[in-house]
2 protein chains.
Amino acid sequence: MGRNKTYDRANALTKARDLFWAKGYEGTHLQELVEATGMNRFSLYAEFGGKEGLFLEALGNYIDEANSTYDRLLCSEPLGLANIRDYFGDIRFSRDYAGCFLINTLTEKHVVTSEAFKLARRTAKRAQELFLRNLEAAVVSGELSEERDAVALSKLLITIDQGLAIYGIVTPSNRDKSGIVGQLDALLGPSIDAATSPA
Amino acid sequence: MGRNKTYDRANALTKARDLFWAKGYEGTHLQELVEATGMNRFSLYAEFGGKEGLFLEALGNYIDEANSTYDRLLCSEPLGLANIRDYFGDIRFSRDYAGCFLINTLTEKHVVTSEAFKLARRTAKRAQELFLRNLEAAVVSGELSEERDAVALSKLLITIDQGLAIYGIVTPSNRDKSGIVGQLDALLGPSIDAATSPA
DNA sequence: CCGATTTCAGAACGATAGGTCTAGAATACT
DNA sequence: AGTATTCTAGACCTATCGTTCTGAAATCGG
């Protein structure tokens with residue numbers, strides 16, 4: 001009973017996400033959110049509780065998508081270096097906008113709510129954990145020398161992952177990113193065969 | 001003639017830089033700047049022209065320091081891999097605050113003035129250029145195999161450089177960063193002797 | 001010590017921020 | 001059709017934004 005909504009909740013979240021993504025929390029004003037989402041202020045408050053709630057849910061929306069990419073590429077059996085190569089091979093397609101919303105939120109640590117910041121940080125740590133699992137599997141299978149420090153390497157990989165988002169702001173060229181990702185062979189070994197030349 | 005200033009310009013710039021660094025352009029409010037710098041609003045406008053001018057000059061101040069670090073470590077003769085190792089060896093000491101002001105500004109692309117954004121981007125590109133020069137010198141001296149793609153590798157290095165700033169927000173541990181930097185041996189060869197094992 | 005000059009402290013400005021409220025339009029049950 | 005309910009559009013609220021202005025305090029030349 002009652003009047004029908006003229007907005008679509010999922011679409012509104014997407015539009016809000018894009019705005020927060022591009023302009024950050026403080027840089028995005030409620031009036032812009034109203035115009036972009038097609039919601040009036042009243043409905044925006046009834047639905048999301050306000051700017052903070054909308055931000056948190058928009059970030060959650062972004063992170064859900066990011067996690068599904070992580071799951072698809074970094075959790076597929078068998079775990080190993082191929083997953084990591086696939087992930088970085090895919091990266092240049094997925095993030096070509098204004099960097100990465102998750103990372104932008106990390107840099108806004110002292111502006112967003114601690115809940116939002118922790119959500120972003122938790123997601124970043126999860127990605128590192130997934131890298132690590134694949135590296136450890138690669139050591140077990142002999143793909144990666146057991147002399148390599150898998151933990152440190154997983155941290156380097158998440159560092160590169162995050163760095164690519166920043167690099168994409170400075171140089172939004174997918175061709176460039178491909179060149180960078182190609183350099184990972186030096187870290188993981190070429191993709192054809194496993195690294196089989198210990199010193 | 002006239003009353004003496006009660007503020008120190010250089011100190012005010014440092015304080016403003018720290019605020020913008022931590023909270024970004026929109027996240028930093030004029031009242032906070034007034035309190036942190038010790039300047040009254042009138043003087044702040046007379047001296048810097050307003051919030052935008054103060055931001056630009058604070059960013060310039062940060063970038064001048066960053067460039068002097070780049071110059072000291074990446075321009076010392078002879079150019080080569082040792083410079084790059086020194087740079088990354090030094091990095092864990094220099095950036096332990098809320099990430100990197102330069103990178104935060106990049107993520108605020110759609111919020112800051114285009115002048116500020118371009119200043120940040122120009123600095124990032126210069127760093128990449130310095131990496132490249134050292135890599136090319138390393139190829140000439142035989143430190144680095146000439147089969148390596150120095151351009152792509154320089155892009156990977158700046159990606160790691162930028163990624164470390166983000167990583168430091170998620171995990172502000174210098175020990176962690178040391179572990180990551182140690183992994184660079186796999187990219188550049190161990191630091192004792194040059195990489196001398198072509199396929 | 002006086003008048004010109006410069007800075008200070010903070011009041012005041014218009015604009016706009018995030019948030020709330022209301023009158024009316026649209027819907028669904030009876 | 002009537003009525004209760006739900007949403008819309010936008011006016012409205014207070015607070016605060018970045019900015020400007022004002023009168024008093026401090027400094028210097030004469």
Side-chain angles (χ1 to χ4, degrees), chain A residues 1-59 104-105 108 110-117, chain B residues 1-59 104-105 108 110-117:
Chain A
M1 178 184 282
R3 188 170 175 172
N4 288 338
K5 300 176 181 180
T6 59
Y7 63 91
D8 175 62
R9 193 181 199 277
N11 178 258
L13 264 181
T14 301
K15 294 292 173 55
R17 179 202 63 187
D18 289 347
L19 262 181
F20 282 129
W21 188 349
K23 312 186 71 173
Y25 181 73
E26 293 256 7
T28 304
H29 303 268
L30 207 58
Q31 187 57 34
E32 301 174 283
L33 290 166
V34 165
E35 288 163 8
T37 60
M39 302 175 74
N40 59 74
R41 290 161 115 87
F42 182 90
S43 301
L44 196 151
Y45 271 77
E47 192 79 54
F48 300 108
K51 190 184 178 185
E52 279 189 8
L54 180 54
F55 181 85
L56 190 62
E57 202 147 349
L59 177 62
N104 292 359
T105 302
E108 283 199 288
H110 298 99
V111 172
V112 301
T113 63
S114 73
E115 190 177 359
F117 175 75
Chain B
M1 178 184 285
R3 187 171 176 172
N4 288 337
K5 299 176 180 180
T6 59
Y7 63 90
D8 175 60
R9 193 180 199 276
N11 177 257
L13 264 181
T14 300
K15 294 293 174 55
R17 180 203 63 187
D18 289 346
L19 262 181
F20 282 129
W21 189 349
K23 310 186 70 172
Y25 181 74
E26 292 255 10
T28 304
H29 303 230
L30 208 61
Q31 186 56 34
E32 302 175 282
L33 290 165
V34 166
E35 288 163 9
T37 60
M39 302 175 74
N40 59 74
R41 291 160 116 87
F42 181 91
S43 301
L44 194 151
Y45 272 77
E47 191 80 52
F48 299 109
K51 191 184 178 185
E52 280 189 6
L54 180 54
F55 181 85
L56 190 62
E57 201 146 349
L59 177 63
N104 292 358
T105 302
E108 282 200 288
H110 298 99
V111 172
V112 300
T113 63
S114 73
E115 190 177 0
F117 175 75

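Chain A is the first sequence line, chain B the second, and so forth, proteins listed ahead of strands; every chain is numbered from 1.
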Give the rounded distance in Å between these two atoms: CD of A:Glu26 and P of D:dT16.
13 Å

Specify the separation, in whole Å, of atom CG of A:Leu30 and atom P of D:dC12.
19 Å

Going by the angle between their ring planes, with limits at 30° and 60°, are B:Phe55 and B:Phe20 parallel, tilted or perpendicular?
perpendicular

When we call it a touch if two heavy atoms are under 4.0 Å apart, what does A:Asn4 touch: a base, just sugar-phosphate, or nothing?
sugar-phosphate

Rounded distance (Å) that lies between atom P of C:dT20 and atom NZ of A:Lys51
14 Å

Test: A:Lys23 and A:Glu32 ion pair at under 4.0 Å
yes

Nearest whole Å is fine: how far is C:dG18 P from A:Leu44 CG?
11 Å

Starting the side chain at C-beta, find the nucleotide from C:dT7, C:dG18, D:dC7 nearest to B:Ser43.
C:dT7

A:Met39 backbone acceptor or donor facing A:Lys5 side chain under 3.5 Å:
no

Mind calculating the distance between CD (B:Gln31) and P (D:dT20) to the nearest angstrom?
16 Å

A:Lys15 atom NZ, neighbour heavy-atom count above 12 within 6.0 Å
no

5′-ward residue of the pair A:Phe42/A:His29 relative to DNA chain C:
A:His29

From CZ of A:Phe48 across to P of D:dC7 the rounded distance in Å is 13 Å

Nearest-nucleotide check on DNA chain D, B:Glu52 vs B:Arg3; residue mapping nearer the 5' end is B:Glu52

Looking only at heavy atoms, which two atoms of B:Ala12 and B:Thr37 are closest? And how far apart?
O-CG2, 3.5 Å

Tell whether B:Arg41 reaches the base of C:dG10 with its side chain through a donor-acceptor pair below 3.5 angstrom.
no

How long is the line joining OH of B:Tyr45 and P of C:dG10, in whole Å?
18 Å

To the nearest Å, give me how far apart CE (A:Met39) and P (D:dG10) are.
16 Å

At under 4.0 Å, does any side-chain N or O of B:Thr6 touch on OP1 or OP2 of C:dC8?
yes

